[in-house]
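Below is one structure, written out as structure tokens; comments come after it.
No hydrogens, no waters, no symmetry mates; every other heavy atom, side chains included, goes into these values. Model, not experiment: these values are computed from the prediction.
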Amino acid sequence: MKNHVVTRVREVISQHGSRTATRIRENDGWRTQTYAQFGQQILKVAQGLLNLGVEAGGRVGIFMGNSPEWSEIDLGSCTVRAVPVPLYATSTPEQIEHIAADSGLSVMFVGNQSEAERVLEVFPNLPSLEHVIILKPYAGMPAEIVSYRDFLAEPTPAVEERFAEASGDDLASIIYTSGTTGNPKGVMLQHSAFVLQSEALDKFFDIKPDDHSLSFLPLSHALERAWTYVVLIHGCMNTYVENARTVAEQMVLAQPTMMVSVPRLYETVYTTAHRKAAGSPVKRAIFSWALKIGRHNQYAHRAGREPGAALKAKLKIADKLVLQNVRHALGGPKTVLACGGAPLREEIEEFFASVGLPIQPGYGLTEASPLVSFNAPDDFKIGTVGKVLVGGEIRIGDFGEILYKGPNLMKGYWNNQEATDEMIKDGWLHTGDVGYVDTDGFLTITDRLKDIIVTQGGKNVAPQPIEGMILADPLFEHAVLLGDNRPFVTLLVKPSLPAVEELAKKFAWPGDAKDWMKSSELAQELKRRVDELTAKLPSQERPKETTVLDEEFTMDNGLLTPTLKVRRREVEKRFRHLVDEVYARLEKARNDRRD
């Protein structure tokens, strides 16, 4: 059972029980527990589930924000060989109903009143769901909901009897993908896959017990889930962030030495740093000089040589004036600073390397538990997502699609053999991503196969690299290129409000933020910058029109995924009327010119 997550965590509990395992911010302090205390909580969850009659293989829902209790429930369920089924804290009643019904949940853990009420809304439609347990009880709570405190039970020998039958082939989770079309599918992931990934990282990263991580991506997502297992297996402290909106503050408070994030966080820090430096010509000059010094320092290290005395002296000044401030914003130096979930722009990667915080971008998907490839501190290439996981293989298929084969592949989709057979053919996972492997073995992702735009003229346009070029300008917060089955491509952009405010002050635009976002002045400036940024692209890849959106992109309105990626299809659907108007206007103008 060495390849079972619970076994690995138990080893840490046995050998290093006095170490701090979990931490979460409460009021103005930290609530912590040692590994020994954490282990006791896991056993109490396990016994509580046995008392509810949960059998081996039974599915247990976890519907709450990140917290130590999330991991207690997760590992407690696995101890009695139940299968945790996470749900995003942003899930709607309809999504809850689908996942609970499809997986056959018998128990659902919820965090607070909001989550409880969404479950109760569909509770009558879920005959298999017998128990709802809440972490934070509230006044007027229905009698059928039990508090977490009352659910926990002192362990009996029955817990160990059940765990004695466990194996690495057991399901560690069923994670429902947030599919862009149709209902989400349940990805079946095994304990052996998660353990294997942790061992693979050990070949490249030196993770020590003194390291500690900040868990702010949703634990319901495969990336944060797998990383949390790595943290706990190594006996490190995990700091949980219940509300991701507080991550900027919590990074500074927690000072984590390890962190896994999606590009959005790095983009925000990058944009903020550049915006602050733009306050005056002097600030801009100092900022640019400091980054240049940091960059040359990195070049020396990459070339395997020690920076010269002059460069070292300049680096001390650059660090004091600029670079240390950026590191402070991310909570200080990092042993691991990983990125996944979406492409990371090359200029952002270079920026963080220059300030002394090299990022290790990787690539994966839920169906691979989720790791496929990653950059390592001593084996990396800027602009790529690294080399394939040890034990895995990559092949480039038709239309440049990335195919993956490895020991961490999913067991399949829950109750959906047809979808499984479509995704895995002859042992190869068809990722739906397009890319290539260079002669040094580094993988580069160029786009999503389904996102490739094919214009009416038959031209193929990959939108992500073009959007990345545009997003390099801090004025743009989001950019979505459209044009599938249209005569040419156009662009939807959501400007960054702080950047717009600075423009308004600079050019003395009248009114307030609401007026500025809809002003012709802003529209013209955005169009000018897009034209400038894309000037060297082939004509079929240059947007013919730029449409300004003033609606925020959030998880709540469905325009962002839980990992803060833009839902391209949803954006296109939401703003179809604007897109149709643009094409109609441009088509009319073209016809008028012909006449």
Salt bridge present between R295 and E350 (N-O < 4.0 angstrom):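 Not counted as a salt bridge, because no side-chain N and carboxylate O are separated by less than 4.0 Å.
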Cationic N near anionic O, under 4.0 Å, E242 to K136: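 Yes, charged N to carboxylate O under 4.0 Å.
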Interatomic spacing from [atom1] in [X] to [atom2] in [Y] - rounded to 0.5 Å:
{"X": "D210", "Y": "R19", "atom1": "CG", "atom2": "CZ", "answer": "7.5 Å"}
{"X": "T156", "Y": "R162", "atom1": "OG1", "atom2": "CZ", "answer": "10.5 Å"}
{"X": "S67", "Y": "I24", "atom1": "OG", "atom2": "CD1", "answer": "5.5 Å"}
{"X": "Y229", "Y": "N238", "atom1": "OH", "atom2": "CG", "answer": "12.0 Å"}
{"X": "I348", "Y": "Y270", "atom1": "CD1", "atom2": "OH", "answer": "6.5 Å"}
{"X": "D102", "Y": "E97", "atom1": "CG", "atom2": "CD", "answer": "11.5 Å"}

Would you kindly say whether [X] and [Y] are connected by a side-chain donor-acceptor distance under 3.5 Å?
{"X": "S71", "Y": "D74", "value": "no"}
{"X": "S14", "Y": "R10", "value": "no"}
{"X": "W414", "Y": "S103", "value": "no"}
{"X": "E72", "Y": "Q33", "value": "yes"}
{"X": "Q41", "Y": "Q37", "value": "no"}
{"X": "R225", "Y": "S173", "value": "yes"}

What closest approach, in Å, do [X] and [Y] show between heavy atoms, and which atom pair accounts for it?
{"X": "L357", "Y": "G332", "answer": "CD2-O, 3.7 Å"}
{"X": "L50", "Y": "V54", "answer": "CD2-O, 4.2 Å"}
{"X": "D150", "Y": "V146", "answer": "CB-CG1, 4.0 Å"}

Side chain proximity check, L321 to F287, heavy atoms < 4.5 angstrom: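 Side-chain contact under 4.5 Å: no.
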Are [X] and [Y], when compared by the centres of their aromatic rings, separated by less than 6.0 Å?
{"X": "F374", "Y": "F204", "answer": "yes"}
{"X": "F553", "Y": "H478", "answer": "yes"}
{"X": "H131", "Y": "F151", "answer": "no"}

Atom CD of E55: over 12 foreign heavy atoms under 6.0 Å: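 At most 12 heavy atoms, drawn from other residues, nucleotides or ligands, come within 6.0 Å of this atom.
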Over 12 foreign heavy atoms within 6.0 Å of NE2, H301: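 Correct, the count exceeds 12.
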Residue pair Y240, T228: steps toward the side-chain contact (heavy atoms from CB on, under 4.5 Å) verdict: CA-CA 10 Å; Y240 295 78; T228 293; 4.2 Å; yes
Worked check of side-chain contact (heavy atoms from CB on, under 4.5 Å) between M108 and I96: CA-CA 10 Å; M108 178 80 86; I96 295 164; 4.0 Å; yes
Option from T22, T20, T239 for which side chain to side chain contact (heavy atoms under 4.5 Å, CB included) with W30 holds: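 Exactly one option meets the side chain to side chain contact (heavy atoms under 4.5 Å, CB included) with W30, and it is T239.
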Parallel, tilted or perpendicular: ring planes of Y88 versus H221, cut at 30 and 60 degrees: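 Tilted.
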Set of residues satisfying side-chain contact (heavy atoms from CB on, under 4.5 Å) with respect to P343, sequence neighbours excluded: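 Scan of P343 (side-chain contact (heavy atoms from CB on, under 4.5 Å), adjacent residues dropped) gives Q464.
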Given E367, Q197, Q190, the one that forms side-chain hydrogen bond (donor to acceptor under 3.5 Å, both in side chains) with N408: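 Considering E367, Q197, Q190, a side-chain hydrogen bond (donor to acceptor under 3.5 Å, both in side chains) with N408 is found only for Q197.
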